[in-house]
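This report refers to the structure that appears directly beneath it.
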Amino acid sequence: MDLRIFTEPQQGADYDTLLKVARATEELGFDAFFRSDHYLRMGPGDGLPGPTDAWITLAGLARETRRIRLGTLMTAGTFRLPGVLAIQVAQVDQMSGGRIELGLGAGWFEEEHTAYGIPFPKEKFGRLEEQLAIVTGLWETEVGKTFSYEGKHYRLADSPALPKPAQRKIPVLVGGHGATRTPRLAARYADEFNIPFASLEDTERQFGRVRAAAEEAGRPAGDLVYSNALVVCVGKDDAEVARRAAAIGRDVEELKANGLAGSPAEVADKLGRYAAVGSSRVYLQVLDLDDLDHLELISAQVAPQLG
């Protein structure tokens with residue numbers, strides 16, 4: 001199972017903090033560093049030092065890391081026009097030497113749009129579908145040819161479809177809990193399907209929907225990577241678990257029920273249960289970005305148990 005580090009910088013983290021976490025991610029053998037794409041803190045707190053932009057952050061990290069994959073869970077489709085996003089992501093992929101992945105979602109947090117003057121359309125899912133078609137279409141267009149698109153929300157005419165990413169194909173992630181439209185969208189456009197903060201039962205059910213949608217679309221279900229995103233809180237003993245839970249304002253029992261919490265053995269066992277329902281990759285949501293010892297413990301005592 002691949003273990004990836006997933007951060008939520010809108011809760012209070014500057015670039016230097018994210019760089020420290022990304023470097024630790026690389027040094028400790030994790031597969032990737034991902035971040036959310038939000039401009040406003042969720043829950044109580046002053047939000048200092050303020051938000052960082054996802055793709056500016058990843059551009060910096062692309063030059064300051066060497067091995068790890070870099071990406072978003074999820075870039076908000078409401079924040080960027082699809083043509084501009086295709087340019088941004090392709091450029092950062094070039095800057096990284098071909099290590100970028102794009103998680104793209106519809107956008108949902110209305111308050112951050114209001115706070116920063118970003119339009120928040122009522123019809124977001126249709127926009128997301130068009131964005132996925134445009135971004136992937138631009139990247140797939142052969143050099144020397146042009147790309148055009150006529151949709152309800154976006155129109156592109158004779159685009160040179162440049163620049164191209166360093167990778168032949170940037171992996172695209174689609175995710176969510178939707179029972180019908182989300183699986184169909186993943187089956188059509190995604191290389192990976194991610195379900196965030198879901199129980200084992202909900203995970204198995206949603207993976208089944210995506211597999212069925214892929215087969216219905218004439219695509220082998222095994223073409224996709226199936227992944228989870230779960231909050232993590234590991235400790236060498238009960239006292240350390242409790243300390244880490246308190247630091248992020250969460251209850252230990254709630255974390256054990258809804259995330260990955262407890263001793264290294266407990267967390268490895270639960271990861272094994274997610275693997276049993278089809279998950280081959282887990283994004284570990286790390287909420288205390290100053291606690292690099294937490295990452296070291298996971299790397300040293302959880303990852304080796306996964307085989």
Side-chain angles (χ1 to χ4, degrees), residues 5-22 33-62 70-89 91-92 100-132 134-135 152-154 172-178 181-182 185 194-197 229-231 247-250 258-259 283-291:
I5 300 302
F6 170 39
T7 62
E8 300 274 3
Q10 76 279 356
Q11 299 304 100
D14 59 14
Y15 176 76
D16 288 338
T17 298
L18 296 172
L19 175 58
K20 289 176 184 177
V21 176
F33 173 95
F34 271 58
R35 60 156 293 163
S36 60
D37 188 16
H38 287 293
Y39 291 138
L40 197 66
R41 180 183 176 92
M42 300 169 195
D46 57 21
L48 292 172
T52 52
D53 181 82
W55 286 100
I56 291 176
T57 297
L58 294 176
L61 297 180
L70 301 165
T72 51
L73 280 181
M74 298 282 189
T75 288
T78 49
F79 287 177
R80 297 165 179 86
L81 297 172
V84 174
L85 180 62
I87 292 169
Q88 291 172 321
V89 178
Q91 182 181 2
V92 179
I100 293 300
E101 303 186 11
L102 171 65
L104 185 58
W108 61 271
F109 189 20
E110 185 171 4
E111 288 87 345
E112 67 187 336
H113 294 74
T114 302
Y116 286 98
I118 303 167
F120 189 70
K122 289 183 178 179
E123 213 298 278
K124 293 180 288 299
F125 200 92
R127 288 176 182 270
L128 173 61
E129 186 165 8
E130 291 191 15
Q131 288 163 344
L132 285 163
I134 291 165
V135 169
K152 178 180 177 182
H153 305 286
Y154 303 103
V172 172
L173 291 75
V174 171
H177 294 257
R181 297 176 74 185
T182 297
L185 205 60
N194 177 269
I195 183 165
F197 316 116
L230 295 160
V231 63
I248 60 174
R250 302 281 286 271
N258 299 312
Y283 295 80
L284 304 174
Q285 187 194 45
V286 177
L287 296 176
D288 184 353
L289 299 183
D290 295 315
D291 186 3

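The analysis underlying the following values was restricted to heavy atoms, covering all of them including side chains, and did not include hydrogens, waters or symmetry mates.
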| field | Candidate pair E112 and Q10, rule side chain to side chain contact (heavy atoms under 4.5 Å, CB included), full reasoning | value | CA-CA 10 Å; E112 67 187 336; Q10 76 279 356; over 6 Å; no

Would you compute the distance between atom [atom1] of [X] and atom [atom2] of [Y] and round it to the nearest 0.5 angstrom?
X	Y	atom1	atom2	answer
D16	T52	CG	OG1	11.0 Å
L48	R41	CG	CZ	9.5 Å
H153	E123	NE2	CD	4.5 Å
L230	L284	CG	CG	8.0 Å
I118	E110	CD1	CD	12.0 Å
E129	I134	CD	CD1	11.0 Å

Tell me the closest heavy-atom pair linking [X] and [Y], and the distance in Å.
X	Y	result
Y154	P82	CE2-CD, 3.5 Å
M74	V174	CE-C, 3.8 Å
S36	P9	OG-CD, 3.4 Å
M42	W108	CE-CZ2, 3.6 Å
A229	L73	CB-CD1, 4.4 Å
A13	L289	CB-CD1, 3.7 Å

| query | In terms of the angle between their ring planes, are F109 and H38 parallel, tilted or perpendicular, with boundaries placed at 30° and 60°? | reply | perpendicular

| message | If we count only N and O atoms by modelled type, under 3.5 Å, do the side chains of T72 and W55 hold a donor and an acceptor together? | response | no

| Between T57 and R35, does any side-chain donor sit less than 3.5 Å from a side-chain acceptor? | yes

| query | Would you call D53-R80 a salt bridge at under 4.0 Å N-O? | reply | yes

| Are side-chain heavy atoms of L128 and L104 found at a separation under 4.5 Å? | yes

| Does any non-hydrogen side-chain atom of L85 lie less than 4.5 Å from one of Q131? | no

Is it the case that the side chain of [X] and the backbone of [Y] share a donor-acceptor pair, with hydrogens and angles ignored and the cut-off at 3.5 Å?
X	Y	result
R127	E130	no
D288	I248	no
T7	L287	no

| Taking it one step at a time, do N194 and F34 satisfy side chain to side chain contact (heavy atoms under 4.5 Å, CB included)? | CA-CA 13 Å; N194 177 269; F34 271 58; over 6 Å; no

| task | Answer yes if the ring centres of F79 and H113 are under 6.0 angstrom apart, and no otherwise. | result | yes

| said: Using the rule side chain to side chain contact (heavy atoms under 4.5 Å, CB included), only one of V21, I56, L70 pairs with L61; which is it? | reply: L70

| request: Please test V89 against V135 for side chain to side chain contact (heavy atoms under 4.5 Å, CB included), starting from the C-alpha separation and ending with a verdict. | output: CA-CA 9 Å; V89 178; V135 169; over 6 Å; no

